[in-house]
Asker: 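Below: one structure in C-alpha cells.
Quick caveat, the model's predicted, so the values are computed rather than measured. Atoms within each ligand, like the ligands themselves, are counted from 1 in listed order.
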Amino acid sequence: MKLRSRAPNLGCRFMLRFLVLVLCGVPGVRALDNGLAMTPTMGWLHWERFVCNLDCQEEPDSCISEQLFMQMADLMVSDGWKDSGYTYLCIDDCWMAPERDSKGRLQADPQRFPGGIRRLANYVHSKGLKLGIYADVGNKTCEGFPGSFGYYDIDAQTFADWEVDLLKFDGCFCDMEHLVYGYKYMSLALNRTGRSIVYSCEWPFYLWPYYKPNYTEIRQYCNHWRNFADISDSWQSVKSTLDWTSSNQDKIVDFAGPGGWNDPDMLVIGNFGLSWDQQVTQMALWAIMAAPLFMSNDLRHISPQAKALLQDKDVIAIKKDVLGKQGYRLRKEDNVEVWERPLSNLAWAVAMINVLEIGGPRSYSIPVASLGRGVACNPACLITQLLPVKRKVGVYQWTSSLKMRINPTGTVLLRIEETSYL
Ligand code: GLA
C-alpha cells in the first residue's frame, strides 16, 4: 500500500497523540516507593501446579520441598528462563513448620526444607535468581499454617534476614477490620528492614465481596495486587479472569504503572488444561494486561511449544514495555473481543480473541481507524502478527480494514507501529 505524504502536519499529529495518551490516563497515583517492579515481575510460583503437596514419601518429585525449588532454579538458568526475564523463584503456601520457634519466628518445615530458607536463598542467589516467599496477613495461611497477624515486624525481619526478595502476602483468616491495616503495616515493616523486597498483595481480592477497594492506597503500599479468584488449569478459569478484568477495567486499569500492577494470577501454560490456542490467549492477554508473569508449571516436563510461547521475546517485550500502561478491552461483538494496549514509541498491541467455543477458525474485520484511540494507524502503520505465529501482515492506511482469522478460544496478537516512527 502506498503512503500519503504527511510531512506538513507531523507536529500536530504528535501533539494529538501526546494529548490522547495523557487524557486517557497516566497514573498520577504514587506507587510504593521501593524502586521495585518498574516493569511487571516475572518468575515462577509453585501454587497452581504443585498446590499443597506435603507427601514427600509418596511423591518426592512434586512435594513442596527445597529439592523442588533447587531443581527449578537449575532449570531456570539452564533452559533459558532466566535469560528471558523469569528471575523470581517463588514459594507459595505450605512451606512452614506448623509452629513458630521459641522466639516467635516462622520456620520452614524441617523435613521438607532441611537446609532452611536462608540456605535455599543462598542457592537461588548463586544462580543469579531471586527468591520469593509466602505468608498471610491473618491468623493462619489459607492452608492452616501460622499466620503473621501479631508478628508483622518479626516476620518482615525474618524474611530480610533470610535474604528473601519477594513476599506474597495472602489474606485468609483475617477480619475486614484488620485486613487493610495488616497489609499496610507489613509494607512498612518490609521497608523498615532496609532490604529490597517486592510486595505482592491480595488485598483487593479479599475486599471486593464487601466494598470497592481503594486502589490509590493499594498502589502506595503494594508492588502488585490480586483482584480476582485463584486461577486454575482450565479455559473457564482463564476466561472468567478476562471477563472480570474487562468488566472492571474502568476501576483498575489506570492504577497500573511502573512500581505497581494489577495481578491476574499465574500463567498455567505448559500444564494439562489449556489447548494450544488457549495457551496463546493467556500469553497474549497477560501481555496486554501488563501482568506480572509467574509461571506455575513443571519446568522439568514442559513441551517445546509451551516453552517457546512462554519465552517469546516479542510478547515479553510488550509485557515489559516501558510506557507501563495496562491495556483494556476495546470492544466485543459477534463473539470476538478486541483488546489493545498503548506502547512506547507510539506503537500499540492489539489482541483479538474468538470466544466462540463451537466451529472452526472465524474471520473478523475491523477498521484500523478504530484502533489505538484513532491514532495507532494515522496515516499509516506497519502491522506485525506476533501470535499464534510471527509474520508480517503489511502496511495499512488509516482508511483500511484489517481482516484476521482466529481459532476458537484462540487469539491473534498484533503489534502496530505508526510508519513515520519506523
Ligand atoms: C489463596 C491464594 C492462592 C494461594 C493459596 C495458598 O487461595 O489466592 O494464590 O496462595 O491461597 O493457600
Side-chain angles (χ1 to χ4, degrees), residues 40-55 62-65 68-69 72 88-98 106 108-109 112-113 117 131-149 155 159 164-176 178-180 182-183 186 197-210 213 218 222-234 236-238 240-241 244-245 248 252 261-269 271 273 282 286 289 291-298:
T41 314
M42 290 173 70
W44 185 92
L45 178 62
H46 92 241
W47 186 255
E48 196 289 323
R49 179 63 189 254
F50 295 97
V51 205
C52 191
N53 187 348
L54 306 179
D55 191 353
S62 51
C63 66
I64 308 310
S65 68
L68 180 71
F69 292 96
M72 292 305 156
Y88 283 81
L89 175 62
C90 302
I91 308 171
D92 207 287
D93 203 349
C94 305
W95 62 271
M96 295 172 196
L106 291 170
D109 182 277
R112 292 179 290 115
F113 292 83
I117 302 297
L131 184 70
I133 207 157
Y134 167 101
D136 190 285
V137 69
N139 291 312
K140 285 189 257 176
T141 73
C142 299
E143 290 290 331
F145 290 88
S148 294
F149 186 73
D155 290 354
F159 299 144
V164 159
D165 307 291
L166 177 149
L167 173 65
K168 171 174 172 176
F169 210 36
D170 210 336
C172 276
F173 298 104
C174 193
D175 55 59
M176 282 311 111
H178 293 108
L179 189 114
V180 172
Y183 270 105
M186 192 49 139
I197 300 177
V198 173
Y199 187 41
S200 172
C201 300
E202 296 204 30
W203 168 354
F205 169 49
Y206 285 94
L207 283 192
W208 268 114
Y210 302 95
I218 292 169
C222 302
N223 291 118
H224 19 94
W225 49 85
R226 283 267 311 280
N227 295 307
F228 184 62
D230 294 4
I231 200 136
S232 61
D233 191 12
S234 74
Q236 191 273 332
S237 170
V238 170
S240 60
T241 304
W244 187 90
T245 305
N248 292 281
I252 62 168
W261 310 95
N262 288 295
D263 178 5
D265 211 1
M266 294 159 269
L267 291 171
V268 293
I269 295 166
N271 291 322
Q282 195 187 24
W286 263 234
M289 292 189 288
L293 296 188
F294 287 105
M295 306 179 281
S296 192
N297 50 20
D298 189 343

Asker: In a check of side-chain contact (heavy atoms from CB on, under 4.5 Å) between Asp136 and each of Asp155, Asp93, Asp170, which one passes?
Answerer: Asp170
Asker: Among all residues two or more places apart in sequence or in another chain, which pass the side-chain hydrogen bond (donor to acceptor under 3.5 Å, both in side chains) test with Trp244?
Answerer: none
Asker: Which distance, rounded to the nearest 0.5 Å, do you find between the CZ of Phe113 and the CZ of Phe69?
Answerer: 5.0 Å
Asker: List the steps and the verdict of side chain to side chain donor-acceptor pair (under 3.5 Å) for Asp165 and Tyr88.
Answerer: CA-CA 8 Å; Asp165 307 291; Tyr88 283 81; over 6 Å; no
Asker: I'd like the contact residues of ligand 1, where contact means a heavy atom below 4.0 Å.
Answerer: Trp47, Asp92, Asp93, Tyr134, Cys142, Glu143, Lys168, Asp170, Glu202, Arg226, Asp230
Asker: Please work out whether the ring planes of Phe50 and Trp44 are parallel, tilted or perpendicular, with thresholds of 30° and 60°.
Answerer: tilted
Asker: Measuring from atom CG of Leu54 to atom CD of Glu143, what distance do you get when rounded to the nearest 0.5 angstrom?
Answerer: 8.0 Å
